[in-house]
Amino acid sequence: MTRQRMFLDISCVDAARQRIRHVYDTFDTVCVQFSGGKDSTAVLYLAKEIHEERGLGPVKVIFRDEEMVSPIVLDYVNMVKDFDWVDMEWYCLPYGGEVWVLGRRQSVVLWGAQRKAEGRWVREMPEGAITAESFGLDATKPLPEPVDYYTMQGKNGSVAFITGVRAAESMMRYRSLVQKLHENYIVFPFGLKKSIPLKFAKVIYDWQMDDVLKFITEEHDAPYCEYYDRAAVTGSNTRVGIPLHSVAIRRIGDVVATEPDFYDRLYECFPQIDAQRRWWPDFDIETLIEEYASRGWDGVADVIDDFMIGPTKTQRAKGYSAEFRKKQALDPYSYPTNWLVRNLLLNELTTTSASPVGPKTRAHTLRVKAKEQEDAEAAG
Amino acid sequence: MQKLLDELNVPDWNATYILRPDLLVLTSSMMDYGILSPLVVQEDGLNVIDGAQRLQAIRGNKHLSERFADGVPVHLIDCGTTEAMALHVQLNRGRGSMVAHRLSRIVKQLKRSGAFSVEDFVGRFCMKGDELELMLDGSIIKHRKVPNHRYSMAWVPVEAPPGTVESKPATAEKPPNPDR
């Protein structure tokens with residue numbers, strides 16, 4: 001038995017309207033988690049519909065400003081903030097982030113006090129923002145709790161944050177949306193204490209990108225962020241978000257193509273990113289992975305020494321490797337060393353997420369080959 | 001100062017390459033306006049430091065070869081090979097690039113002015129059908145043909161034997177081109 005999609009006899013838009021009504025019926029407080037992107041814009045207008053239908057007043061909106069937000073997205077968020085039917089809370093908290101350049105990871109604290117003192121904030125903090133000081137936090141350090149813990153403070157009763165997450169965005173998101181069979185779109189936020197009464201409601205989970213654009217422009221005749229038109233002209237990815245983490249920076253050329261002045265500001269703050277822009281298409285990451293992996297645990301130690309910059313990243317990488325090593329001892333084929341090196345260099349790192357190598361990956365192919373060779377040697 | 005085409009050399013350390021459509025645009029601009037700035041050339045050996053593409057375009061085009069039969073304007077630099085290489089890198093890495101949405105604004109304005117026909121865009125910019133349409137339109141709604149789109153059907157997850165409920169597995173949206 002596997003998880004599959006059973007299609008219904010209604011459109012995804014009508015289904016989302018049913019879901020959002022259910023969310024408003026179920027929770028005491030409902031907020032839209034808004035990023036300035038097309039998906040959260042669609043969710044915002046779905047919420048507007050129900051607020052008008054039920055006379056609920058302005059839609060409560062949460063915007064998590066992650067500092068490296070591009071000017072064109074900020075213009076759009078500011079426009080939305082000024083809508084009379086929107087009540088926006090604008091958070092500028094010290095989020096832990098990273099700058100990833102050709103495999104090298106460096107921790108940064110977004111809106112961190114230290115970078116401010118060095119004059120290396122990408123932009124000034126907007127007036128009226130809710131900051132670390134609002135929670136009595138030290139702005140030199142990343143948030144000690146998940147960000148949702150802070151953004152849900154002051155909300156009454158059980159709380160739902162409606163998000164624009166869609167299954168079509170990635171296989172990870174798809175899998176997260178088919179885990180539950182009942183109310184699959186209402187989930188508990190990852191990493192939050194179970195005692196905190198907050199849920200995410202992913203009401204447009206089954207929409208495709210064109211559903212989103214059609215809903216915004218045709219049903220509401222509403223503006224969307226101009227970034228998407230620039231993306232269309234330049235063949236860029238249609239995602240807004242901070243551009244320097246390990247996945248996004250691999251498409252830093254999209255930033256250059258759509259907002260070169262924004263790239264320049266990022267470069268002023270983080271000069272190392274220019275190497276990524278110039279050389280990523282020619283950078284042979286596969287050879288690098290094989291070179292380090294071929295030296296076993298010494299190679300892993302060298303990866304940590306060579307590519308993790310600063311104590312935070314080094315500590316996290318060591319924790320992750322230790323976790324991986326335990327799993328490798330039990331199941332070496334599912335946890336090969338090159339899979340660990342690949343994760344250290346390329347993927348998101350958490351101390352508990354050492355996952356086994358999956359099918360259709362290079363590491364898996366190598367594993368099968370090694371097993372075949374071993375079997376052949378045993379037979380012959 | 002002028003130098004004959006045959007006198008000039010493209011050194012083997014030249015690190016630039018021009019794609020065919022870009023070479024056509026360069027050729028077209030030289031047909032219209034000639035050489036507006038001199039080629040930068042190393043005095044010793046007459047190695048082209050900057051302008052190898054223009055030289056290539058002239059040598060590869062009969063009309064341009066005839067036009068510049070008496071020589072092309074050059075700016076001679078008295079330097080060694082190492083310095084010539086360094087200057088070559090400086091001049092080429094320090095070159096700006098076109099920003100698509102700003103180019104789109106120019107293309108729209110040129111079209112509106114009536115001074116540029118579709119043939120002009122093809123002949124002078126090597127900008128053909130699809131690219132020209134994209135530059136003139138510049139909206140994701142038209143680009144993705146959103147008005148013709150019909151809403152997708154809603155779905156819910158179910159537990160069932162493979163292939164019994166849905167005929168093809170879910171796929172993820174991908175960026176329109178590789179990492180860059």
Side-chain angles (χ1 to χ4, degrees), chain A residues 1-16 18 166-174 177-181 184 206-211 213-215 217-218 224 226 228-239 250-254 256-260 278 280-281, chain B residues 15 89 92-94 96-108 127 130-180:
Chain A
M1 301 282 258
T2 55
R3 290 290 155 93
Q4 296 183 65
R5 297 172 299 167
M6 186 173 77
F7 288 89
L8 309 174
D9 282 336
I10 56 170
S11 78
C12 59
V13 173
D14 289 338
Q18 288 178 11
R166 295 183 296 114
E169 288 176 284
S170 71
M171 291 317 288
M172 287 275 277
R173 294 200 164 177
Y174 170 78
L177 282 154
V178 298
Q179 287 224 330
K180 282 172 72 191
L181 290 176
N184 65 311
D206 50 358
W207 291 28
Q208 300 291 320
M209 191 195 303
D210 286 352
D211 296 324
L213 293 168
K214 191 178 183 77
F215 175 75
T217 56
E218 292 188 4
Y224 54 87
E226 197 199 325
Y228 295 105
D229 284 347
R230 293 195 186 183
V233 179
T234 55
S236 300
N237 199 8
T238 51
R239 275 198 176 178
R250 290 178 229 167
R251 299 192 61 84
I252 194 71
D254 286 355
V256 177
T258 52
E259 290 180 277
R278 287 185 188 275
W280 176 243
Chain B
V89 173
N92 282 290
R93 271 171 77 101
S97 54
M98 298 212 83
V99 178
H101 66 271
R102 294 181 192 165
L103 173 63
S104 169
R105 279 206 298 258
I106 293 178
V107 169
K108 283 177 194 169
M127 191 177 277
D130 286 350
E131 189 188 4
L132 182 59
E133 200 178 307
L134 187 66
M135 287 290 145
L136 289 172
D137 167 23
S139 136
I140 198 169
I141 303 301
K142 285 187 186 165
H143 182 57
R144 295 185 61 89
K145 300 182 175 61
V146 167
N148 302 332
H149 174 72
R150 293 186 63 184
Y151 282 133
S152 322
M153 301 308 291
W155 57 263
V156 290
V158 291
E159 185 85 346
T164 53
V165 178
E166 65 175 337
S167 52
K168 54 180 182 183
T171 52
E173 290 162 2
K174 287 199 165 57
N177 51 33
D179 289 352
R180 57 176 182 176

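Here is the naming used below: chain letters follow the sequence lines, and residue numbers restart at 1 for every chain.
Between the NE2 atom of His149(B) and the NZ atom of Lys214(A) there is a distance of 7.0 Å, given to the nearest 0.5 Å. The OG1 atom of Thr234(A) lies 14.0 Å from the CE atom of Met98(B); values are rounded to the nearest 0.5 Å. With rounding to the nearest 0.5 angstrom, the CZ atom of Arg150(B) is 14.0 Å from the CG atom of Asp210(A). Between Met6(A) atom CE and Thr164(B) atom OG1 the span is 11.0 Å, to the nearest 0.5 Å. Going from atom OH of Tyr224(A) over to atom CD1 of Ile141(B) covers 4.0 Å, rounded to the nearest 0.5 Å. Atom CD of Glu173(B) and atom CZ of Arg166(A) lie 4.0 Å apart (nearest 0.5 Å).
Residues Ser170(A) and Ala172(B) approach most closely at CA-CB, 3.7 Å, considering heavy atoms. Closest approach of Met153(B) to Asp9(A), counting heavy atoms only: CE-C, 3.6 Å. Here the closest non-hydrogen pair linking Tyr151(B) and Phe215(A) is OH-CA, 3.2 Å. Contact between Pro157(B) and Lys180(A) at its shortest, heavy atoms only, is CG-O, 3.5 Å. Heavy atoms only, all atoms of each residue included: Val233(A) and Ser104(B) are closest at CG1-CB, 4.4 Å. Contact between Ala232(A) and Leu134(B) at its shortest, heavy atoms only, is O-CD1, 3.6 Å.
Under a cut-off of 6.0 angstrom, the local environment of CD in Glu218(A) is crowded, with over 12 non-hydrogen atoms contributed by other residues, nucleotides or ligands.
Contact of Ser152(B) with chain A is made through backbone and side chain together, with heavy-atom distances under 4.5 Å. For Tyr174(A), the part lying near chain B is the side chain, with the backbone staying farther off; criterion is any non-hydrogen pair under 4.5 Å. Arg173(A) does not touch chain B: none of its heavy atoms, backbone or side chain, sits under 4.5 Å away. At a 4.5 Å heavy-atom cutoff, the contact between Thr258(A) and chain B is made by backbone atoms alone. Contacts between Gln4(A) and chain B at a heavy-atom distance below 4.5 Å involve backbone atoms as well as side-chain atoms. For Met135(B), the part lying under 4.5 angstrom from a heavy atom of chain A is the side chain only. For Arg102(B), the part sitting under 4.5 Å from any heavy atom of chain A is the side chain, from C-beta outward, and nothing else. Heavy atoms closer than 4.5 Å to chain B are found in the side chain of Thr238(A), but not in its backbone.
The most heavy-atom pairs under 4.5 Å with chain B, out of Ala168(A), Ala15(A), Ser11(A), come from Ala168(A). Options Asn184(A), Asp254(A), Val256(A), Ile252(A) differ in how many heavy-atom pairs under 4.5 Å they form with chain B, and the most are formed by Asp254(A). Heavy-atom pairs under 4.5 Å with chain B were tallied for Asn237(A), Asp211(A), Val178(A), Leu8(A); the largest tally goes to Asp211(A).
Taking the ring-ring contact (aromatic ring centres under 6.0 Å, His included) definition, one finds that Tyr228(A) meets it with nothing, sequence neighbours left out. Scored by the salt bridge (charged side-chain N to carboxylate O under 4.0 Å, His left out) test, Asp137(B) finds no partners at all (sequence neighbours excluded).
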Full working for side-chain contact (heavy atoms from CB on, under 4.5 Å) between Leu181(A) and Glu159(B):
CA-CA 8 Å; Leu181(A) 290 176; Glu159(B) 185 85 346; 4.2 Å; yes
